Participant: 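After the structure tokens below, expect a handful of questions from me.
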2 protein chains.
Amino acid sequence: MSEPIRILLADDEPLIRSGLAAILSLEEDLAVVGEAGDGAEVWTQVRKLEPDVVMMDVRMPRMDGIEATAQLVANTGRLNRAPRILILTTFESDDYVYDALKAGADGFLLKRARPDELVRTVRAVAAGESIVFPAKLRELVADRQDSRQPGQPDLVATAGLSSRESEVLQHLAHGRNNQEIAQQMFLGVETVKSHIGSILAKLGVRDRTQAVIAAYESGFIRPGK
Amino acid sequence: MSEPIRILLADDEPLIRSGLAAILSLEEDLAVVGEAGDGAEVWTQVRKLEPDVVMMDVRMPRMDGIEATAQLVANTGRLNRAPRILILTTFESDDYVYDALKAGADGFLLKRARPDELVRTVRAVAAGESIVFPAKLRELVADRQDSRQPGQPDLVATAGLSSRESEVLQHLAHGRNNQEIAQQMFLGVETVKSHIGSILAKLGVRDRTQAVIAAYESGFIRPGK
DNA sequence: GGCGCCGTCCCCCTTTCGGGGGAGCCCATC
DNA sequence: GATGGGCTCCCCCGAAAGGGGGACGGCGCC
């Protein structure tokens, strides 16, 4: 392994920063090189540290994560390398996913995500993958309503959802219950429950309703289809 | 010309229905496939017949055209194709128009319109055009976010929801369970359940997840807030 | 070959939901 | 003053959901 991935953490809550740092530092290939307490500090820190990944909360005093993202994107020309931007959200209170993506974020992450998910996402973003939804993929996802081709791999990497899982999520977003999903997918109810369990875990949510909300908020599905 | 445009008529006055049916049936490319005598019948008929266009009066017994529209929009996910909704009205009363658009109607028609106008409008709506107001206005209409004032009457007429009910729906849309809603609204869990029961009935949906979907699809809430 | 992930299905268990009643209070409209 | 709706709460009950565990074949990767 050559160089570790350099990470800048921005969150107004020191406890959160510490927690994230603790989790991230357990990985050899990840290094937290700096922290910022609000959005306004982000740019100065980025210019100084030139991190690979900036991980920041949407809600921060003085300048929120969206503005800070826009500011970063606007100023990438002044940097040697443009950092990748990962937005942290709690999703219940702040659903700025759309705006964040529009501003130029490369991915977003629920604060409740499991450590392994967190780490995986950071690596993926650093590697250039747009985890959550690059504008293009988002449309693809919205468009491929009837992708019932069994052979088709279905690239959706929403939040690390497998293809089967995102299929189930589609059904959830249509308001179907486990039995209906099972019938339509030709599966046992137990299997559906199993998939849903994985979905809930990966999305970091508690129940199917929250999963559907997450699907809407992330752009996985959109009103009016 | 391949398939005719399938039309469902909803009006409490049989004479009006017959009149409309007579006019519409003169056209080869239009077919009246069913009728409903009030708003409550609309959804069941739509589910059964899956028409291309639903033409309904604003004023109907049991459930008016606005509510019926909202119910339809709320449930489009359960259909193969979402029907287009055309509202019939006697006057150009602004508030109806406003409410109907908010509920998700696609066009308007005055009952005193000439037959050719009538037919033209049906074709246009079926073709996906938003006759009366462009789709954009619909989004503008949906712009009533901050209804956090307890005293505020809250204009939301989404589906005939009372103010308390739409409050609860807001909570649902945030992924909260009954207990959490009860705590935050200072109510007993039973009361919350009672409200939710009413919400489900009025929206014509089965469970909270479908209610949340309805909220998104009707514009009651929107991604990114 | 082993490891890990995926996909399928099974068990048991508790909690949550939602439907069915009903009741009392307030306030409007008729 | 009756009727109706909204809001509050109560009961019981069955169904659905979700967490926990485990099992097994397949596939890809090292």
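Per chain, numbering begins at 1; letters A, B, ... match sequence-line order. These numbers were taken from a predicted model, which means no experiment stands behind them.
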Participant: Kindly say if Asn178(A) contacts the phosphate of dA17(D), meaning a side-chain N or O under 4.0 Å from OP1 or OP2.
Facilitator: yes

Participant: Distance criterion of 3.5 Å, no angle test: do you see the side chain of Glu190(B) paired donor-to-acceptor with the base of dC11(D)?
Facilitator: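 Answer yes: a donor N or O sits under 3.5 Å from an acceptor.
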
Participant: What is the separation between atom CG on Leu172(B) and atom P on dG18(C), rounded to the nearest whole Å?
Facilitator: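 Taking CG of Leu172(B) and P of dG18(C), I get 8 Å after rounding.
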
Participant: As a test of understanding, state which of Arg176(B), His195(B), Lys193(B) forms a side chain to side chain contact (heavy atoms under 4.5 Å, CB included) with Ile181(B).
Facilitator: Arg176(B)

Participant: Any non-hydrogen side-chain atom of Met55(A) less than 4.5 Å from a side-chain atom of Val122(A)?
Facilitator: yes

Participant: Distance check needed: dT14(C) P versus Arg206(A) CZ, whole Å only.
Facilitator: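 So the two atoms are 20 Å apart, to the nearest Å.
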
Participant: How many Å lie between CD1 on Ile181(A) and P on dT8(C), as a whole number?
Facilitator: 13 Å

Participant: With a 4.0 Å limit, can you tell me whether Arg164(B) has a side-chain N or O closer than that to the phosphate oxygens OP1/OP2 of dT8(D)?
Facilitator: yes

Participant: Rounded off to whole Å, could you give me the CZ-to-C1' distance for the Arg208(A) and dG18(C) pair?
Facilitator: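 That distance rounds to 14 Å.
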
Participant: So what does Ser198(B) touch, heavy atoms closer than 4.0 Å: a base, only the sugar-phosphate, or nothing?
Facilitator: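 Nothing: the residue Ser198(B), judged by heavy atoms under 4.0 Å, touches no strand.
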
Participant: Can you check whether Thr191(B) has a side-chain N or O nearer than 4.0 Å to OP1 or OP2 of dC7(D)?
Facilitator: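 For Thr191(B), the contact criterion (side-chain N or O under 4.0 Å from OP1 or OP2 of dC7(D)) is not met.
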
Participant: For DNA chain D, whose closest nucleotide is more 5', that of Leu200(A) or that of Gly188(B)?
Facilitator: Gly188(B)

Participant: Side chains of Arg164(B) and Leu187(B): closer than 4.5 Å at any heavy-atom pair?
Facilitator: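 Side-chain contact under 4.5 Å: yes.
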
Participant: If you check the Leu187(A) side chain, which of dC12(D), dC9(C), dT8(D) turns out closest?
Facilitator: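 Given the options dC12(D), dC9(C), dT8(D), the side chain of Leu187(A) is closest to dC9(C).
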
Participant: Are Leu72(A) and Met56(A) close enough that some pair of their side-chain heavy atoms sits under 4.5 Å apart?
Facilitator: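 A side-chain contact exists here, since the closest heavy-atom pair is under 4.5 Å.
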
Participant: Could you tell me the separation between the CD1 atom of Ile199(B) and the C1' atom of dG6(D), rounded to a whole number of Å?
Facilitator: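 Interatomic distance, CD1 of Ile199(B) to C1' of dG6(D): 13 Å.
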
Participant: What integer distance in Å separates Glu165(A):CD from dC6(C):C1'?
Facilitator: 8 Å

Participant: Report yes if the side chains of Val42(B) and Gln45(B) come closer than 4.5 Å at any heavy-atom pair, otherwise no.
Facilitator: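 No, their side chains stay 4.5 Å or more apart.
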
Participant: Judged by each residue's nearest nucleotide on DNA chain C, which is more toward the 5′ side, Ile196(B) or His195(A)?
Facilitator: His195(A)

Participant: Once you round it to whole Å, what is the distance between P of dT15(C) and CZ of Arg176(B)?
Facilitator: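 My rounded result for the distance is 23 Å.
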
Participant: Rounded to the Å, how far apart are Lys193(A) NZ and dC12(C) P?
Facilitator: 12 Å

